[in-house]
Amino acid sequence: MKNIKLIYALIAIAVFGFSSCNDVLDVQATDAFAEDLIYNETEQLERLVYTVYNSTESWGANKRQWWARRFNMEVGSYEAIFNFKLLDQFRLRAGMTPGTVGMLNGKWDNYWDYVRLANEFLDKVDDSPAMEKDPENVKILKAEMRFLRANLYAKLIRFYGGVPILENALGLDDDFALVRNSYEECVDFIVKELDAVAAVLPETRPGSEFGRATKLAALAVKSRTLLYAASQLHDPAFAPSNDPLYTYSKPTKWQDAADAAKAIIDLVGARDLIAVADAKEYQNLFLSPNDDILFARPYSSLYYDFGTDANSLPDQTMSPSGYSGWALAAPTHNFTLQFNMADGTTTNDASFDPANPNANREMRYYADLNYNGAEFRGRKVEYFLSDDTSVNPHGLDSEQGLGNQQHSSKTGYNIRKFQDEGIGTLNAEGLVDGLTGISPERPYILYRLAEVYLNYAEAQYHLNDEGTARTFLNKVSSRALQPAITASGTDLLEAIKRERRIELCFEGHNFFDERRWMNESHLGFDVKGLRWTKALDGTETSEEVSVVERPWMTQHYYLPIPASEVEKAPTMLQNFGY
C-alpha cells in the first residue's frame, strides 16, 4: 500500500480539497490544520467523514481518470461498449495485465487511500475531545466511517477477490509484508462491520441529510455482499480458481443472503415500489430523491463530485452526437434484445418483428434507451444514413450528421436513463445548448429497494421457495407494467436474471452479475448493432451488423493486483492468470 504514513496535514488538505456531501465544506480555513484541531470538535470530524464519502461511486468508472469520470462499468459489460473510436478502455480485448487495466488504473490505490483515512479516524476518535464533549453525535460519525470502510471492502472484493483486512492505520514501524485474507474472511468482516453500524445508524434521514448513511444503507450493502458471496463464481465446485482467495463455502450461504434482504423488507413492510404510469414517470425516479432509494451519491448545484466539472453528467456524456452529446457508451443490440415486448413476451417470440425492433416494447425500453426514431429533447433521434442525400439528408445523429461525428453511435443506440431532458434547448443549428446544466438534487443511486427485492427473489429461488421468489420478482416487474411472471424451474431463474439486467441496467451491476453467474456467453461475445438506412421514399430500415468482437479471458473474472503493489510487498499474492 502506498502513502501509509500518518500525515494529518495531507488529511486536512483532502478534507478541503475533495467535494462533500454538505455545503458546510464551503467554509474556508484560515490557518494550518493540526491533529488536535481535527479531533477537538464534532464539526471538524464531520468534515473528515464527508471526505471519505467521496469513496462512493458516481457517474464515472474511475474518479482518477478524466475520461473515466464520464462513463461507467457499462462499457465493460454485456450492456454496452465504449463508443468513441471503439476504444478498448478496460483492455477487455487486449487483455488486462498487472501493469495496466486501462481506465481502471488507480482503482486499487484509490480505494486503499480511503481505507487508510477511515482507519486513521477510527484509531483516534474514541479517545478524542470531540467524543468526550459530544458522544451521541460522534458515535454516529464513527458508525458512518465504519460503514464507508465496509462499503470499500465490498467493492475491493468484487474487483480483486480476498484482500488484506486492515482495521488500523499502519505506522512507520509497522510490518508492510501484507498478506491477503481469504474471500470468506473478507465477507465475514464486512458483515460484522455492517451489523455493528446498523445498530447505531438512524433508519432514515431528513431530506437535508440525503446521501448520508442509514441503517437501511448498511443492510443494503450487506444484502448485496452476501448475494454475491453465495453465487456460482465463489462456489468451490465452479470457481475458476479453487483458492480461498475467491471461494465461499458456507452451507447456509443462500439462507444468509435471503435473511439479509428480508431484514430490509421487514423494515419497509414489503411495500410496493413507487408506482409509475409510463416511461416518463419511470425516468423521473432517477432524477431526484425518493423513498425507493436506500443510498445514493448527491449530485446537484450544492453537491458537486468533481468541483464544477458538470460535463461529467450523463446529459453531456450520453446524449447522441447530433445533440452536442459525446455518446460515450453505446448499448449493444445483444443487450437491447433482453427488453421484453409490452405484453410480456420476449424478443424470441413471434410478437417481436426484427424489421420494427422499436415497436411495442416494454416501458423501460423507451425510458432507458435512445434508438432510431425516439422522441428526445425536442426532435427524433436519427442514426440513419441516406441512400441519396439529394433527396434525404443523412440523419442528424449519424456518422455524417451534426456535432462531433466521431461520437456517432456505433450500435444504433445510446443511453437515455439518468438524463434530465429539462436541461438543454435546441439552438438554431439543431444542436443542444446547456447540456452541462445541473438539475436540483439529482442522485447517483448506489442501492435501491428494487435491487433488494431482486436479491431476495434470487436467494429464495436457490432455497427452492419459488412462490416467494415470484412474489418479489413481480413486485419489480409489475411496477414496470409487465404482466405477472408465472415461470418455474430454470425459466424462473432466467426471468430473475433478465429482470436484474433490465431494471438495474447502466447502474454498475451487470459487469459483476454476469461474472458471478459465470455467464461467459455474456462476457465474451460478438457485439451487435443496428445499421439504419433511409431510402428514397423515406422508409427507414435496419440491418443487424457485427460491431466488434469481445473475447473472454478467464483471468478477467478479477482485476490483477497492480504490479507496483506486488513488487513492494511480495507477500501480496497476484490474482490467477496474471
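Closest heavy-atom contact between Pro164 and Leu178: CG-CB, 4.3 Å. Here the closest heavy-atom approach between residue Gly161 and residue Arg180 is recorded as C-NH2, 4.0 Å. Here the shortest heavy-atom pairing between Thr214 and Glu203 reads CB-O, 3.4 Å. Smallest separation of non-hydrogen atoms from Ala150 and Glu193: CB-CB, 4.1 Å.
Residues Phe147 and Phe295 bring their aromatic ring centres within 6.0 Å. Between Trp112 and Tyr153, the gap from one ring centroid to the other is short of 6.0 Å.
Atom OH of Tyr447 is separated from atom CG of Asn151 by 4.0 Å, given to the nearest 0.5 angstrom. To the nearest 0.5 Å, the span separating OG on Ser319 from CD on Glu421 amounts to 8.0 Å. To the nearest 0.5 Å, atom CZ of residue Phe286 and atom CD1 of residue Ile445 are 5.5 Å apart. Distance check, rounded to the nearest 0.5 Å: CD of Gln89 to CZ of Phe82 gives 4.0 Å. Here Thr204 contributes atom OG1 and Leu294 contributes atom CG; the two are 11.5 Å apart, rounded to the nearest 0.5 Å. The CZ atom of Arg501 sits 6.5 Å away from atom CG of Asn510, with the distance rounded to the nearest 0.5 Å.
Look at Glu499 and Arg364 and you find a salt bridge, because one of the NZ, NE, NH1 or NH2 atoms lies within 4.0 Å of a carboxylate O, short of that distance. One finds a salt bridge joining Asp113 and Arg64 here, because a Lys/Arg side-chain nitrogen approaches an Asp/Glu carboxylate oxygen to under 4.0 Å. Salt bridge annotation for Glu74-Lys417: absent, with no cationic side-chain nitrogen under 4.0 angstrom from a carboxylate oxygen. Asp188 and Lys192 are not joined by a salt bridge, as no carboxylate oxygen comes within less than 4.0 angstrom of a charged side-chain nitrogen. Electrostatic pairing of Arg479 and Glu281 does not count as a salt bridge here, judged by no charged N lying under 4.0 Å from a carboxylate O. With respect to the salt-bridge test (charged N to carboxylate O, under 4.0 angstrom), the residues Glu120 and Arg116 qualify.
Between the side chains of Ser223 and Asn455, at least one donor N or O sits under 3.5 Å from an acceptor N or O. Arg212 and Tyr50 share a side-chain donor-acceptor pair at under 3.5 Å. Side chains of Asp256 and Thr252: a donor-acceptor N/O pair is present below 3.5 angstrom, by distance only. In summary, the side chains of Asn311 and Thr436 do not present any donor paired with an acceptor at a separation below 3.5 Å, with no hydrogens or angles considered.
Within the 4.5 Å cutoff, the side chain of Thr468 has no heavy atoms near those of the Lys262 side chain. Under the 4.5 Å side-chain criterion, counting only non-hydrogen atoms from C-beta, Phe472 is in contact with Ile265.
Counting only distance, with no hydrogens or angles, the side chain of Arg146 and the backbone of Lys142 share no donor-acceptor pair below 3.5 Å. Proximity of a side-chain donor or acceptor of Asn119 to a complementary backbone N or O of Leu170 within less than 3.5 Å is not detected. Between the Lys155 side chain and the Ser55 main chain, a donor and an acceptor come within less than 3.5 Å of each other. A donor-acceptor contact shorter than 3.5 Å is absent between the side chain of Asp109 and the backbone of Gly106. A donor-acceptor contact shorter than 3.5 Å is absent between the side chain of Asp292 and the backbone of Leu273. Of the possible donor and acceptor atoms, none in the side chain of Ser477 sits under 3.5 Å from a partner among the backbone N and O of Leu473. Distance alone, capped at 3.5 Å, places no donor-acceptor pair between the Glu565 side chain and the Ile561 backbone. Proximity of a side-chain donor or acceptor of Gln255 to a complementary backbone N or O of Pro251 within less than 3.5 Å is not detected.
Results of the salt bridge (charged side-chain N to carboxylate O under 4.0 Å, His left out) test with Glu458 over Arg224, Lys497, Arg516 single out Arg516 as the only residue that passes. Partner of Tyr246 under the ring pair (Phe, Tyr, Trp, His ring centres under 6.0 Å) criterion, chosen from Tyr558, Tyr557, Tyr183: Tyr558.
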Working for side-chain hydrogen bond (donor to acceptor under 3.5 Å, both in side chains), residues Asp134 and Thr42
CA-CA 7 Å; Asp134 190 11; Thr42 303; 2.8 Å; yes

Let me see the working for Lys107 and Glu57 under salt bridge (Lys or Arg N to Asp or Glu O under 4.0 Å), right down to the final yes or no.
CA-CA 11 Å; Lys107 202 80 168 170; Glu57 304 298 339; 3.5 Å; yes

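Other residues, nucleotides and ligands contribute over 12 non-hydrogen atoms within 6.0 Å of the CD atom of Gln232.
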